[in-house]
Amino acid sequence: MERISGRAWIIWAVAVGAYTVAVLQRTSLSVAGLDAAARLEVSAGVLGTFAVVQLLVYAGMQVPVGVMVDRVGPRVLVVTGAVLMALGQVSLALAQSFPAALAARILVGAGDAMTFIAVLRLVTAWFPPRRVPLMTQVTGLVGQSGQLLSIIPLAALLHGPGWTPAFLSAASLSVLFAVLAFAVVRDTPTGNRTDEASPSWSQVRHDLVSAWRHPGTRLGLWTHFTTPFASVAFLLLWGYPFLVSAQGMSRGEASVLFSVMTVVGLVAAPFLGEAVARHPLRRSWIVLTIVGSTIVVWTAVLVLPDPAPRWLLLLLVVVLAVGGPASMIGFDFARTFNPPNRIGTATGIVNVGGFFSGLVLILAVGVLLDLTGSGESYSLEGFRIAFSAQYVIWAIGIAGILRTRRILRARLAADGVVVPPMRDVVRRRRAARRGTPR
Ligand SMILES: N[C@@H](Cc1c[nH]cn1)C(=O)NCC(=O)O
């Protein structure tokens, strides 16, 4: 087994810390909703603009940021991202009007957009390939805990010392990680990307086109598009009103289900990382199985005429929770089907998927609830129709996965790598178990 150096762990710890703080900044406004509405004198509906604009900025910047990761190296991006987020949060701390606060959140979204793919590029550079799937999962998992920093200490600061001290404290964490990343992080074991000759812009354009054209990158994009959107929309906006208003749960019970989601995500991530490392030729099957289970359980919940039994809702949050870690398999496709000089670009392309599909579902559920007259009552009937929008996104995503997988397998076969169909593998295993010739 290849040894992992102490230096790799230190660089990873700083990088993952910067990503965790980015997730804290990303989610910081969700715990400040009521305070924001009062301070900026806007309605709850207008506050939703913050989330939408932030997601749009994040998704829109992924490809340019991916290109920059390959051109200037991940360290510059982690430092710049932290500086932008610090500026955004200082501006928010002082903002007195909606336009000023919106401009501040755009800065936060831009800085956030730079962090994750740069950190994944560091993981690829500093860890042996066999360890990368697991470390990618652990990076996602640790980073997501930034949400807890919003929910607990930031919320306590908001409701104690108040808005300005809370957002200034959040900004100071980004300043800390900008300094730490500048001092500690190095792009590769041989130094920084900027120490080498940067590729020309025509080379960068060529890499972007090549990354997009490779079916492995697009398989990653469709994987990231199809796996997390159901849990993103559930967690960020619609899960709570669905459980409480439509399913008749108490707020306490709904909170327990959300905690279960966090725990299941924690358990699933390393398990999936190891499965992907062991069975690289079966990654798309792992993805399709997870998506299929989510569809089956959501369908069971939606077809019931009455509120679902508690055990079924528990099962629903369990399958939803696996969607986040499953989306990380998309980055594994990007990494393994692209040469090192364009992994950042390919990762950026992949990372657009889930943020785009999540945003579409969040908006679609809102529109359908309004159209069915359930925008305020949040009735079970209204949610049943609204959540049906998921089937359209699943259908598009699964078609994308199957199509790009077919193209990819044809390309691999031309290079002499034949992926045996799953049914042949199952038949051969059964025959081996019975001791019959294959
Ligand atoms: N799918 C997420 C990360 C994740 C891991 N476990 C649950 N969610 C993702 O793509 N994140 C990108 C980011 O910037 O956070």
Side-chain angles (χ1 to χ4, degrees), residues 15-28 30 54-63 65-66 69 74 77-78 81-82 84-85 108-123 133-150 220-236 258 261-273 276 287 290-291 294 317-335 344 346-359 397:
V16 86
Y19 171 47
T20 309
V21 171
V23 175
L24 156 72
Q25 314 295 18
R26 180 189 301 173
T27 52
S28 56
S30 61
Q54 217 179 305
L55 276 175
L56 281 175
V57 169
Y58 182 100
M61 283 185 62
Q62 286 311 298
V63 175
V65 166
V69 167
L77 273 293
V78 175
L84 285 181
M85 283 184 277
V108 172
D112 179 19
M114 294 179 178
T115 311
F116 178 70
I117 40 183
V119 172
L120 284 196
R121 189 68 191 85
L122 289 167
V123 169
L134 181 61
M135 289 310 297
T136 301
Q137 285 290 353
V138 177
T139 301
L141 185 142
V142 177
Q144 294 304 309
S145 69
Q147 266 194 57
L148 295 179
L149 295 180
S150 295
L221 170 68
W222 286 116
T223 297
H224 201 271
F225 176 95
T226 318
T227 40
F229 71 84
S231 61
V232 166
F234 198 86
L235 268 175
L236 286 190
F258 277 95
M261 269 183 98
T262 312
V263 175
V264 173
L266 291 178
V267 176
F271 180 76
L272 277 180
V276 163
V287 168
I290 291 168
V291 174
T294 314
V317 297
V318 168
V319 289
L320 284 176
V322 185
S327 70
M328 305 293 277
I329 300 175
F331 302 117
D332 207 60
F333 286 122
R335 176 182 66 85
T347 306
I349 294 174
V350 169
N351 203 24
V352 176
F355 285 88
F356 178 73
S357 54
L359 185 61

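Predicted model, so just to flag it, every value in this text is computed and none were measured. Throughout, residue positions are numbered sequentially from 1 according to the sequence presented. Order of appearance sets the numbers: ligands from 1, and atoms from 1 within every ligand.
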Structural part of [X] in contact with ligand 1, heavy atom criterion under 4.0 angstrom:
{"X": "Pro228", "result": "neither"}
{"X": "Arg26", "result": "side chain"}
{"X": "Gln137", "result": "neither"}
{"X": "Thr115", "result": "neither"}

Protein contact of [atom] - nearest heavy atom, named by residue and atom, plus distance:
{"atom": "atom 1 (N) of ligand 1", "result": "Ser327 OG, 2.5 Å"}
{"atom": "atom 4 (C) of ligand 1", "result": "Gln144 NE2, 3.6 Å"}
{"atom": "atom 5 (C) of ligand 1", "result": "Met328 SD, 3.8 Å"}
{"atom": "atom 10 (O) of ligand 1", "result": "His224 NE2, 2.8 Å"}
{"atom": "atom 11 (N) of ligand 1", "result": "Tyr19 OH, 3.7 Å"}
{"atom": "atom 14 (O) of ligand 1", "result": "Tyr58 OH, 2.3 Å"}

If you round to the nearest 0.5 Å, how far is [atom2] of [Y] from [atom1] of [X]?
{"X": "Thr139", "Y": "Leu134", "atom1": "OG1", "atom2": "CG", "result": "9.0 Å"}
{"X": "Arg121", "Y": "Thr347", "atom1": "CZ", "atom2": "OG1", "result": "7.5 Å"}
{"X": "Phe333", "Y": "Leu221", "atom1": "CZ", "atom2": "CG", "result": "12.0 Å"}
{"X": "Phe331", "Y": "Gln137", "atom1": "CZ", "atom2": "CD", "result": "10.0 Å"}
{"X": "Leu120", "Y": "Arg335", "atom1": "CG", "atom2": "CZ", "result": "10.0 Å"}

Numbering the atoms of ligand 1 from 1, which are under 4.0 Å from a heavy atom of [X]?
{"X": "Asn351", "answer": "10 (O), 12 (C)"}
{"X": "Phe331", "answer": "10 (O)"}
{"X": "Phe355", "answer": "12 (C), 13 (C)"}

Requested in this report: Using side-chain contact (heavy atoms from CB on, under 4.5 Å) as the criterion, point out the one residue from Thr115, Leu24, Val21 that pairs with Met85.
Outcome: Thr115
**Report entry** Matching residue for Thr226 among Thr294, Val291, Ile290 - test: side-chain contact (heavy atoms from CB on, under 4.5 Å)
**Finding:** Val291
**Report entry** Pro325 to ligand 1, any heavy atom closer than 4.0 Å
**Finding:** yes
Query - Asp112-ligand 1 polar pair, N/O distance under 3.5 Å - result: no
Query - Gln62 side chain to Tyr58 backbone, donor-acceptor under 3.5 Å - result: yes
Query raised in the report: So, does Gln147 use its side chain to make a donor-acceptor pair with the main chain of Thr27 at under 3.5 Å?
Result: no
Query raised in the report: Is the centre of the Phe116 ring less than 6.0 Å from the centre of the Phe355 ring?
Result: no
